[in-house]
Asker: 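Sharing a structure below in structure tokens format, with a few things to ask.
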Amino acid sequence: MKIGILALQGAFAEHAKVLDQLGVESVEIRNLDDFQKHQSDLSGLILPGGESTTMGKLLREQDMLIPIREAILSGLPVFGTCAGLILLSKEIISQDESHLGTMDMVVERNAYGRQLGSFYTEAECKGVGQIPMTFIRGPIISSVGVDVEILATVDNQIVAAQEKNMLVTSFHPELTDDVRLHQYFINMCKEKS
Ligand code: GLN
């Protein structure tokens with residue numbers, strides 16, 4: 001099994017380390033060539049945290065937005081953390097444009113209720129257990145469509161969700177040493193392949 005990690009910007013190296021710990025091979029996707037070269041043997045794709053506007057711009061500039069969107073719509077399992085979640089969202093409050101726009105939810109950037117900066121907490125995540133959660137200027141998922149399953153909430157806000165082949169968190173599971181959420185994603189990838 002091989003997992004692609006979008007490596008345009010942000011916290012991609014940390015995801016590679018977690019996959020390494022789980023004994024799962026990963027490959028950095030830096031441009032369209034990388035994506036096309038590996039697409040047929042990718043079991044899943046991780047979209048890391050970072051800056052969604054920058055990543056969206058780079059995805060467009062490198063003509064990767066449409067091929068990645070189509071792969072996701074065709075069932076490629078994808079795991080978006082923080083900015084990666086924003087990339088997947090169908091609607092972003094106060095922005096005219098979404099990016100990949102494949103997941104039926106509305107998000108608000110830089111809007112996490114407890115504080116606008118960073119914080120750490122622990123909460124129950126459905127199918128995974130009690131897990132540590134590191135928030136860094138994370139988005140709020142304001143609403144989700146009927147096919148989206150809510151996996152975790154903190155302060156009554158949705159912080160993890162899944163719609164079919166798409167898993168998202170508004171926190172950074174790759175910045176803690178708990179690998180269970182990545183294991184959950186690997187299991188999703190196994191089911192789909
Ligand atoms: N604030 C960032 C954005 O809006 C997301 C933060 C993160 O990925 N840690 O894209």
Asker: Check whether any side-chain heavy atom of Phe171 lies under 4.5 Å from a side-chain heavy atom of Thr176, and answer yes or no.
Answerer: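 Side chain of Phe171 against side chain of Thr176, heavy atoms only: no contact under 4.5 Å found.
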Asker: Any salt bridge linking Glu149 with Lys126? Criterion: basic side-chain nitrogen under 4.0 Å from a carboxylate oxygen.
Answerer: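 Salt bridge: yes.
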Asker: Contact between Thr169 and Cys82 at the side-chain level, heavy atoms closer than 4.5 Å - yes or no?
Answerer: no
Asker: Would a 4.5 Å heavy-atom cut-off, applied to side chains only, mark Glu174 and His172 as touching?
Answerer: yes
Asker: To check you understand the geometry: which heavy-atom pair defines the closest contact between Leu6 and Met55, and what is its length?
Answerer: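 For Leu6 and Met55, the tightest heavy-atom pair comes out as CD2-SD, 4.3 Å.
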Asker: Using atom types as modelled, flag every donor-acceptor pair under 3.5 Å from a side chain in residues 63-72 to any protein atom, sequence neighbours excluded.
Answerer:
residue	atom	partner	partner atom	Å
Arg69	NE	Leu100	O	2.9
Arg69	NH2	His99	O	3.0

Asker: Side chain of Asp178, backbone of Pro132: donor and acceptor closer than 3.5 Å?
Answerer: no
Asker: Show your reasoning for whether side-chain contact (heavy atoms from CB on, under 4.5 Å) applies to Leu87 and Leu59.
Answerer: CA-CA 10 Å; Leu87 292 179; Leu59 282 171; 4.3 Å; yes
Asker: Find out whether Leu19 and Glu25 are in side-chain contact, i.e. whether some heavy atom of one side chain is under 4.5 Å from a heavy atom of the other.
Answerer: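 In short, these two side chains do not touch, never coming nearer than 4.5 Å.
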Asker: Got Pro139 and Asn110 here, is their nearest side-chain heavy-atom distance under 4.5 Å?
Answerer: no
Asker: Quick one: are Cys189 and Met1 in side-chain contact, heavy atoms under 4.5 Å?
Answerer: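 SC-SC contact between Cys189 and Met1 confirmed.
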Asker: Would Arg180 and Tyr184 count as a side-chain contact (heavy atoms from CB on, under 4.5 Å) here? Give the steps.
Answerer: CA-CA 6 Å; Arg180 285 176 293 166; Tyr184 180 90; over 6 Å; no
Asker: Classify the angle between the aromatic ring planes of Phe79 and Phe185 as parallel (below 30°), tilted (30 to 60°) or perpendicular (above 60°).
Answerer: tilted
Asker: Leu47 and side-chain contact (heavy atoms from CB on, under 4.5 Å): which single residue from Leu85, Ile86, Leu88 fits?
Answerer: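 Considering Leu85, Ile86, Leu88, a side-chain contact (heavy atoms from CB on, under 4.5 Å) with Leu47 is found only for Leu88.
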Asker: Can you tell whether the side chains of Glu51 and Arg137 come within less than 4.0 Å, N to carboxylate O?
Answerer: no
Asker: Locate the shortest heavy-atom distance separating Cys125 from Ala160; write the atom from each residue and the value.
Answerer: SG-CB, 4.4 Å
Asker: Just by distance, do the side chain of Asp34 and the backbone of Arg30 share a donor-acceptor pair under 3.5 Å?
Answerer: yes
Asker: Minimum heavy-atom separation for Ser142 and Ile93, please, with both atom names.
Answerer: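 Minimum heavy-atom separation between Ser142 and Ile93: OG-CD1, 3.6 Å.
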Asker: Check the hydrophobic clustering (I, L, V, M, F, W, Y; side-chain heavy atoms under 4.5 Å; chains of links allowed) and say if Phe119 and Val159 are grouped together.
Answerer: yes
Asker: Mind checking salt bridge (charged side-chain N to carboxylate O under 4.0 Å, His left out) for Glu61 and listing every partner two or more places apart, or none if nothing turns up?
Answerer: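 Glu61: salt bridge (charged side-chain N to carboxylate O under 4.0 Å, His left out) contacts with Lys57.
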Asker: For Met133, is there any backbone N or O sitting under 3.5 Å from a side-chain donor or acceptor partner on Thr121?
Answerer: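 Flag not set: sc Thr121 to bb Met133 has no pair under 3.5 Å.
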Asker: Taking all heavy atoms of Leu45 and all of Ile5, pick out the closest pair and write down the distance.
Answerer: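 In terms of heavy atoms, the two residues are closest at CD1-N, 4.3 Å.
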Asker: Check whether Gln162 reaches the backbone of Lys164 with its side chain - one donor and one acceptor, N or O, closer than 3.5 Å.
Answerer: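 Side chain of Gln162 to backbone of Lys164: a pair is present.
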Asker: Using a 4.5 Å cut-off on heavy atoms from C-beta on, say whether the side chain of Ser98 contacts that of Lys90.
Answerer: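 With C-beta onward as the side chain, the pair stays apart.
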Asker: Is the closest side-chain heavy-atom distance between Leu8 and Ile29 below 4.5 Å?
Answerer: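 No - every pair of side-chain heavy atoms lies 4.5 Å or more apart.
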Asker: With a 4.5 Å cut-off on side-chain heavy-atom distances among I, L, V, M, F, W and Y, is there a chain of contacts connecting Met105 to Ile150?
Answerer: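 Yes, because Met105 and Ile150 connect within a single hydrophobic cluster, where side-chain heavy atoms sit under 4.5 Å apart.
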Asker: Between Gly4 and Leu42, what is the shortest heavy-atom contact and its length?
Answerer: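 Result for this residue pair: N-CD2, 3.5 Å.
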Asker: Apply side-chain contact (heavy atoms from CB on, under 4.5 Å) to residues Ile136 and Leu175 and explain how you reach the verdict.
Answerer: CA-CA 10 Å; Ile136 304 170; Leu175 298 182; 3.5 Å; yes
